[in-house]
Amino acid sequence: MHKLFCTLVLAAAAPLAMAADIVVGQSAPLTGSNADLGNDIRNGALAYFKKVNDAGGLPGGRIKLVTLDDHNDTRLAGENTHKLLDDEGAIALFGYASSTLSIPAMPAVAEHKAPFFAPFTGADTIRKQNEYVYTVRATYSDEIEKIINFWGNLGGTRVAVLHYDDAVGKQNFDSVANVLKKFNRTPVSVPIKRNADISDADFNSVVAADPNVLVITTLYAPAAQLVKRLKAANRATMVTSLSFAGASQLAKALGPDASGVSVSLTVPTPRSATVPVVRECNEAWTAAGQKDAMSVTALESCIAAKVLVEGMRRTGKDLTRASLHKSLAALGRYDTGGYVVDFKPGSHHGGSYVGMALLRPNGEVRE
């Protein structure tokens, strides 16, 4: 009897076994030239994961997002990927901030057979890497077609394109050129180096082209620099940026010069309160303690996090890299609440939404 009593006491005193954390890994620019974008991607996902955890988590445990700062540096992005998969045991990688930051992760992704989910890019290069890449946004080609058709039908066919002097940038320029053929026009190329400021030569190239439409396919910093210089020089041209710049970040960087600048979007704006998933993410954002209004980037990340969680739910308790990959591949048509993705075997690129919006001097983005 005494032995049984001691056993019961010891059992009662022992802590309850807790389910292991479900680790999701992320490499993102939390500091440096693209920090606003990186932090918004991180915080949008954190808000949704907190919502799930506060409701009891998943059968396999609570979700833990581990984010390592890559300073927008490709070498660090590759190194961070190995740390996340080897040291942290991440079940999936999430929300890398660009195609150029994603490519260095691909060898480790293929080796570990880990789902690589929702990179912040519409570049075809990342979609062609391997079967473990899943995207939830439309392609840059989809966005460019929307932009050029919009302006072309209004007579805006004298087009200059600010793009990076790399494979993705050249692909974006070629996409503009292909769509412009229907209007019997050829765009002017204005290539710049990544992580470089707008130079006098870049500015003069745009002025010499005398476009009535300037299409921007870079990040928000050089985009804002160029627009500010054009407005200061009283050069009147319509400006539309791809979503890659980060609509909210570009509006913030432009300030009063945001008037008249438009952007393409791959999710609705955070102001679209009639869209259920937008309302849900706004509520999660506030519940997470965020004081500023949710950005378009954070909303995209929140929606992507919801899709990833749905894939996790469908695996049940047996949540591994392999089971999650299988679950996501078979997800099919999933309506997050007004935003639809469609994954199936052989097609892991489920987003098609493209909209356009105007930037406001107060930082708002309005469709």
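With contacts defined as side-chain heavy-atom distances shorter than 4.5 Å, the pair Asp197/Gln225 qualifies. Side-chain atoms of Lys146 and Thr240, non-hydrogen and from C-beta on, never get closer than 4.5 Å to each other. Using a 4.5 Å heavy-atom cutoff, the side chains of Asn212 and Trp151 are not in contact. Taking 4.5 Å as the limit, some side-chain heavy atom of Leu328 sits within range of a side-chain heavy atom of Phe117. The shortest side-chain heavy-atom distance between Phe183 and Asn149 falls under the 4.5 Å cut-off. Looking only at side-chain heavy atoms (C-beta outward), Leu324 and Leu308 come within less than 4.5 Å of each other. Within the 4.5 Å cutoff, side-chain heavy atoms of Ile126 are placed close to those of Ile103.
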Step by step, would you call Glu310 with Lys306 a salt bridge (charged side-chain N to carboxylate O under 4.0 Å, His left out)?
CA-CA 6 Å; Glu310 181 63 20; Lys306 181 173 183 177; over 6 Å; no

Verdict with supporting geometry, Lys50 and Asp54, salt bridge (charged side-chain N to carboxylate O under 4.0 Å, His left out):
CA-CA 6 Å; Lys50 181 179 186 299; Asp54 287 350; 2.7 Å; yes

For side chain to side chain contact (heavy atoms under 4.5 Å, CB included), just list the numbers for Val296 and Leu265, CA-CA rounded to whole Å, side-chain angles, deciding distance to a tenth of an Å, and then say yes or no.
CA-CA 8 Å; Val296 175; Leu265 301 176; 4.0 Å; yes

Should Arg229 and Asp200 be marked as a side chain to side chain contact (heavy atoms under 4.5 Å, CB included) after you check the CA-CA gap, both sets of side-chain angles, and the distance that decides it?
CA-CA 10 Å; Arg229 290 189 64 169; Asp200 290 341; 2.9 Å; yes

After noting the C-alpha distance and the side-chain angles of Val277 and Asp335, does the key distance pass the side chain to side chain contact (heavy atoms under 4.5 Å, CB included) rule?
CA-CA 9 Å; Val277 73; Asp335 187 348; over 6 Å; no

Show your working on salt bridge (charged side-chain N to carboxylate O under 4.0 Å, His left out) between Asp342 and Arg333 and close with a plain yes or no.
CA-CA 4 Å; Asp342 191 0; Arg333 185 182 186 278; over 6 Å; no

Can you check side chain to side chain contact (heavy atoms under 4.5 Å, CB included) on Ser33 and Asn195, steps first, answer last?
CA-CA 8 Å; Ser33 60; Asn195 300 319; 3.9 Å; yes

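A pairwise comparison of heavy atoms in Ala251 and Ala258 identifies O-CB, 4.3 Å as the closest pair. Across Leu299 and Val267, no two heavy atoms sit closer than the pair CD2-CG2, 4.2 Å. Closest approach of Ala108 to His82, counting heavy atoms only: CB-CE1, 3.8 Å. Between Leu214 and Leu230, the shortest heavy-atom contact is CD2-CD1, 3.8 Å. In plain terms, the two heavy atoms of Leu254 and Lys228 that are nearest each other are O-NZ, 3.2 Å. Of all heavy-atom pairs spanning Tyr339 and Gly351, the tightest one is OH-CA, 4.5 Å.
For Asp40 and Thr297, the side-chain atoms include no donor-acceptor pair closer than 3.5 Å. Ser102 and Ser99 share no side-chain donor-acceptor pair at under 3.5 Å. When only modelled atom types and interatomic distance are considered, Arg127 and Thr139 share no side-chain donor-acceptor pair under 3.5 Å. In this model, a donor atom of one side chain and an acceptor atom of the other lie less than 3.5 Å apart for Tyr96 and Thr81. Between the side chains of Ser175 and Ser141, at least one donor N or O sits under 3.5 Å from an acceptor N or O. Between Glu300 and Thr266, the side chains place a donor N or O and an acceptor N or O closer than 3.5 Å (distance only, hydrogens not considered). Inspection of the Tyr132 and His348 side chains reveals no N or O donor paired with an N or O acceptor under 3.5 Å.
Looking at Ser323, its side chain does come within 3.5 Å of a backbone N or O of Asp318 through a donor-acceptor pair. Arg194 contributes no side-chain N or O that, together with a main-chain N or O of Tyr164, makes up a donor-acceptor pair within less than 3.5 Å. With hydrogens and angles ignored, the 3.5 Å screen pairs no side-chain donor or acceptor of Asp86 with any backbone N or O of Gly89. Of the possible donor and acceptor atoms, one in the side chain of Asn282 sits under 3.5 Å from a partner among the backbone N and O of Pro270. With hydrogens and angles disregarded, a donor-acceptor distance shorter than 3.5 Å links the side chain of Asp202 to the backbone of Ser199. For the pair Arg321 (side chain) and Lys113 (backbone), a donor-acceptor distance under 3.5 Å is absent. Formation of a donor-acceptor pair under 3.5 Å by the Gln26 side chain with backbone atoms of Gly95 is found in this model. In this structure, Ser262 contributes its side chain and Val239 its backbone to a donor-acceptor pair below 3.5 Å. Tyr134 places no side-chain N or O within donor-acceptor distance of the main-chain N or O of Gly350, the cut-off being under 3.5 Å. Side-chain atoms of Arg158 come within 3.5 Å of backbone N or O of Asp210 as a donor-acceptor pair.
At a threshold of 4.5 Å between side-chain heavy atoms, the hydrophobic network of Ile, Leu, Val, Met, Phe, Trp and Tyr places Val23 and Val309 in two separate groups. The hydrophobic clustering, which links ILVMFWY residues whose side-chain heavy atoms are closer than 4.5 Å, places Val161 and Ile144 together. Leu358 and Val278 fall into different hydrophobic clusters, where Ile, Leu, Val, Met, Phe, Trp and Tyr residues are linked whenever their side-chain heavy atoms come under 4.5 Å apart, directly or through other members. Hydrophobic clustering of Ile, Leu, Val, Met, Phe, Trp and Tyr side chains at less than 4.5 Å, counting indirect connections, keeps Leu68 apart from Leu65. Neither Leu58 nor Leu93 shares a network with the other; the hydrophobic side chains, linked directly or stepwise wherever heavy atoms of I, L, V, M, F, W or Y lie under 4.5 Å apart, form separate groups for each.
Atom NZ of Lys231 sits in a crowded spot, with more than 12 heavy atoms from other residues, nucleotides or ligands closer than 6.0 Å. Heavy-atom contacts from other residues, nucleotides or ligands closer than 6.0 Å to CG of Asp292 number 12 or fewer. Atom CD of Glu145 has 12 or fewer neighbouring heavy atoms from other residues, nucleotides or ligands inside a 6.0 Å radius. Counting heavy-atom neighbours within 6.0 Å of Lys64 NZ, excluding the residue itself, gives a total of 12 or less.
Within the model, atoms CG of Asp36 and CD of Gln249 stand 6.0 Å from one another, a figure rounded to the nearest 0.5 Å. The distance from the CD1 atom of Ile192 to the CG atom of Asp165 is 9.5 Å, given to the nearest 0.5 Å. Asp142 CG to Leu242 CG: the interatomic distance, rounded to the nearest 0.5 Å, is 11.0 Å. Note that CD of Glu367 is 5.0 Å distant from OG of Ser272, once rounded to the nearest 0.5 Å. In this structure, CZ in Arg314 is found 4.5 Å from CG in Leu331, a value given to the nearest 0.5 Å. Expressed to the nearest 0.5 Å, how far OG of Ser301 lies from OH of Tyr48 amounts to 12.5 Å.
None of Thr125, Asp124, Thr217 except one satisfies the side-chain hydrogen bond (donor to acceptor under 3.5 Å, both in side chains) rule with Gln171; the exception is Asp124. A side chain to side chain contact (heavy atoms under 4.5 Å, CB included) with Leu162 is found for one member of Asn172, Val227, Val215, Leu226 and no other, namely Leu226.
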